[in-house]
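First comes the structure, then the notes that go with it.
Just so it is clear, the model here is predicted, and its values are computed rather than measured. Computed over heavy atoms, backbone and side chain alike; hydrogens, waters and symmetry mates excluded.
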Amino acid sequence: MKYMIIIYGNQELWESFSAEETQKHIAEQDAFNRKYAETGELLGAYGTADAVQAKTVRVRNGLPAVTDGPYLESKEYLASWYLVEVDDEQRALDLAAELPFASVGAVEVWPVPHEAPGNKI
């Protein structure tokens with residue numbers, strides 16, 4: 001079963017880290033990524049740009065309208081997401097708990113029961 005593991009954060013959180021802490025967190029994430037890529041459970045890991053760079057697209061009356069920023073008004077935003085393939089939900093929860101950023105931010109685990117034909121992963 002595939003699961004999406006989502007890390008939430010915000011600019012205030014990222015800016016609260018010293019340069020040394022930032023490098024430490026990145027190294028910990030890289031180690032996590034290597035470890036689970038080697039087991040085959042990590043299918044992909046993706047960090048997102050800052051929320052101010054996001055766009056929202058809505059189609060109304062057949063015409064696209066593009067606005068700045070994420071749709072939801074929120075202090076926190078999706079910062080990174082992982083796609084894992086594991087035997088069961090408990091294993092996905094275990095992996096999520098191992099994410100270094102789970103100790104400083106929120107992490108969600110979502111089942112992915114459907115995928116589009118032609119996916120490369």
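When all heavy atoms are compared, the tightest approach of Ala37 to Leu42 is N-CB, 3.7 Å. Of all heavy-atom pairs spanning Pro64 and Val57, the tightest one is CB-CG1, 4.4 Å. Shown here for Ser80 and Gly47, the closest heavy-atom pair between the two residues is OG-CA, 3.6 Å. Here the closest non-hydrogen pair linking Val109 and Ile5 is CG2-CG1, 4.3 Å. The minimum heavy-atom distance between Pro100 and Gln29, with the atom names listed, is CD-OE1, 3.0 Å. Contact between Leu13 and Ser16 at its shortest, heavy atoms only, is O-OG, 2.6 Å.
Other cluster members for Ile26: none, since no ILVMFWY side-chain heavy atom sits under 4.5 Å from it.
Remark: Arg60 engages Arg58 in a side chain to side chain contact (heavy atoms under 4.5 Å, CB included) (not counting sequence neighbours). Remark: Tyr3 pairs with no residue by the ring pair (Phe, Tyr, Trp, His ring centres under 6.0 Å) rule, at least two apart or across chains. Residues meeting the ring pair (Phe, Tyr, Trp, His ring centres under 6.0 Å) test with Trp110, sequence neighbours left out: none. For Glu28, the salt bridge (charged side-chain N to carboxylate O under 4.0 Å, His left out) partners are Lys24, not counting sequence neighbours. Residues forming a ring pair (Phe, Tyr, Trp, His ring centres under 6.0 Å) with Tyr36 (at least two apart in sequence, or on another chain): Phe32.
Looking at Ile7 and Leu99, their side chains come closer than 4.5 Å, going by heavy atoms from C-beta outward. Residues Lys2 and Pro111 have side chains not in contact (no heavy-atom distance under 4.5 Å, counting atoms from C-beta outward). Using a 4.5 Å cut-off on side-chain heavy atoms (C-beta onward), Ile6 and Val107 make no contact.
Screening residues 80-106 for salt bridge (charged side-chain N to carboxylate O under 4.0 Å, His left out) gives Lys35-Glu98, Glu41-Arg91 as the qualifying pairs, with residues at least two apart or on separate chains.
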**Message:** What verdict does the side-chain contact (heavy atoms from CB on, under 4.5 Å) test give for Tyr82 and Leu95, after you've listed the backbone C-alpha separation in whole Å, the side-chain angles of each residue and the deciding distance to 0.1 Å?
**Reply:** CA-CA 10 Å; Tyr82 288 73; Leu95 292 180; over 6 Å; no
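Cluster annotation: Met4 and Tyr46 are assigned to the same hydrophobic cluster (Ile/Leu/Val/Met/Phe/Trp/Tyr, side-chain heavy-atom contacts under 4.5 Å, transitive).
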